[in-house]
Chemist: 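Structure provided below as structure tokens; questions to follow.
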Amino acid sequence: MVKFGRINSLTNANMIDDKWTSFKVTGDYNIDIRSLYEAWATTQGLEQWFLREANFYTIPRRAREPKEFIMKEDTYEWYWHGYDDNTVEKGQILEANGTDFLKFTFTGGSIVSVEIYSRNGVSVVELTQENIPIEEDPSKNLYVQCQVGWTFYMTNLKSLIEGGVDLRNKKLEVSSNFK
């Protein structure tokens, strides 16, 4: 009986752990789907609301132009406001359909999917991050850090689209969570 209870506890612990390996963040925007896709799938778009610098490279390592759409198998290097050039995210585009869906590798070996669609008169961005590694050290918890980060940046996208206000702190010398 004790052994059964122990197995049951381990099974329950594993089930709980699974819920910490992915999350979904959804936002609604008063703009057309095409414009939202451009905001996510071009260097120029990403730099307007998300990154200080976004570089995408084709397979032969040609840099994509600012308004050129990313494509499957492109690689990227991303730099954030509030951090120096030593903080860089490198990854690969896994899917990009040119209209309303993209998927890319992200920090810690996770995968991010972005789907854009229309519902009830607004455009919706649904971001899913999965394959998030479980961390024993809470300071390295990507589930929490990434979910907070994506929520902020998707809010900033909405703020810029609907009100023209960029919420990011662009000063390296000022410590802030709004980067």
Side-chain angles (χ1 to χ4, degrees), residues 14-15 17-29 31-83 85-119 122-135 140-158 160-161 168 179:
N14 288 337
M15 288 171 43
D17 285 349
D18 288 346
K19 76 176 184 180
W20 296 99
T21 61
S22 68
F23 64 81
K24 188 178 291 184
V25 178
T26 305
D28 63 284
Y29 302 86
I31 193 169
D32 61 283
I33 291 173
R34 177 71 174 183
S35 297
L36 272 175
Y37 189 79
E38 288 174 7
W40 281 92
T42 66
T43 295
Q44 180 177 324
L46 286 168
E47 290 176 355
Q48 288 178 342
W49 64 275
F50 181 37
L51 300 163
R52 173 171 51 94
E53 183 178 341
N55 300 312
F56 290 94
Y57 303 98
T58 63
I59 292 174
R61 196 76 178 145
R62 177 186 66 82
R64 291 222 177 263
E65 296 296 321
K67 293 183 178 183
E68 186 179 4
F69 281 124
I70 60 174
M71 296 184 73
K72 182 178 179 177
E73 298 183 357
D74 283 359
T75 57
Y76 69 81
E77 295 173 352
W78 289 349
Y79 302 88
W80 280 267
H81 288 287
Y83 295 96
D85 286 346
N86 293 321
T87 301
V88 59
E89 179 71 30
K90 295 182 180 187
Q92 183 175 23
I93 305 304
L94 302 174
E95 294 181 42
N97 71 3
T99 57
D100 60 7
F101 183 79
L102 58 109
K103 182 185 278 192
F104 52 92
T105 62
F106 198 56
T107 190
S110 61
I111 305 291
V112 173
S113 301
V114 177
E115 183 179 1
I116 305 167
Y117 54 90
S118 181
R119 181 184 295 153
V122 296
S123 295
V124 176
V125 173
E126 188 173 278
L127 178 143
T128 303
Q129 187 167 337
E130 53 195 345
N131 297 339
I132 301 168
I134 301 294
E135 291 285 347
K140 296 179 183 176
N141 188 318
L142 293 179
Y143 179 91
V144 173
Q145 291 176 4
C146 290
Q147 192 169 29
V148 168
W150 286 121
T151 300
F152 169 75
Y153 285 114
M154 288 175 64
T155 300
N156 192 48
L157 176 59
K158 184 174 181 77
L160 282 163
I161 286 171
R168 296 173 294 175
K179 298 176 180 186

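Only this structure's heavy atoms are used, side chains among them; waters, hydrogens and symmetry mates stay out. Here the structure is a predicted model, which is why all the values come from computation and not from measurement.
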Chemist: When you compare the side chain of I132 with that of W20, does any pair of heavy atoms fall below 4.5 Å?
Modeler: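 Side chain of W20 against side chain of I132, heavy atoms only: no contact under 4.5 Å found.
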Chemist: Considering the options L127, V144, T151, which one meets the side chain to side chain contact (heavy atoms under 4.5 Å, CB included) requirement together with F23?
Modeler: L127
Chemist: For a 4.5 angstrom cut-off between non-hydrogen side-chain atoms, does V125 reach W40?
Modeler: yes
Chemist: Which value, rounded to the nearest 0.5 Å, describes the distance between K72 atom NZ and L94 atom CG?
Modeler: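 The distance works out to 8.5 Å.
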Chemist: I want to check something: taking the side chain as every heavy atom from C-beta on, are Y29 and M154 in contact at a cut-off of under 4.5 Å?
Modeler: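 Answer yes - side chains close enough.
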Chemist: State, yes or no, whether a side-chain contact exists between R168 and Y153 at a heavy-atom distance under 4.5 Å.
Modeler: yes
Chemist: Would you give the length of the straight line joining atom CD of E115 to atom CG of D100, rounded to the nearest 0.5 angstrom?
Modeler: 7.0 Å
Chemist: Less than 4.5 Å apart, side chain to side chain, heavy atoms only: is that true for Y37 and N97?
Modeler: yes
Chemist: To the nearest 0.5 Å, what is the distance between CG (L142) and CG (N131)?
Modeler: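 Between L142 CG and N131 CG, I get 12.0 Å after rounding to 0.5 Å.
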Chemist: What is the ring orientation for F56 with W78, classed by angle as parallel under 30°, tilted 30 to 60°, or perpendicular over 60°?
Modeler: perpendicular
Chemist: Show your working on salt bridge (charged side-chain N to carboxylate O under 4.0 Å, His left out) between E89 and R52 and close with a plain yes or no.
Modeler: CA-CA 12 Å; E89 179 71 30; R52 173 171 51 94; over 6 Å; no
Chemist: Going from CD on Q44 to CD on E65, what distance comes out if it is rounded to the nearest 0.5 angstrom?
Modeler: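 Here the rounded value is 11.0 Å.
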Chemist: Would the W150 and F50 ring centres measure less than 6.0 Å apart?
Modeler: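 Centroid distance W150-F50: below 6.0 Å, so yes.
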Chemist: Heavy-atom distance under 4.5 Å between the side chains of E68 and R62, does that happen here?
Modeler: yes
Chemist: Evaluate the side-chain proximity of F69 to T42: yes if any heavy-atom separation is below 4.5 Å, no if none is.
Modeler: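 SC-SC contact between T42 and F69 confirmed.
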Chemist: Does any non-hydrogen side-chain atom of Q129 lie less than 4.5 Å from one of V25?
Modeler: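 A side-chain contact under 4.5 Å is absent here.
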Chemist: Listed by chain and number, what are the side chain to side chain contact (heavy atoms under 4.5 Å, CB included) partners of N86, not counting sequence neighbours?
Modeler: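 Partners of N86 under the side chain to side chain contact (heavy atoms under 4.5 Å, CB included) test: D84.
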Chemist: Starting at CD1 of I111, measure out to CD of E130 and round the result to the nearest 0.5 Å.
Modeler: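 Reported value, rounded in 0.5 Å steps: 7.0 Å.
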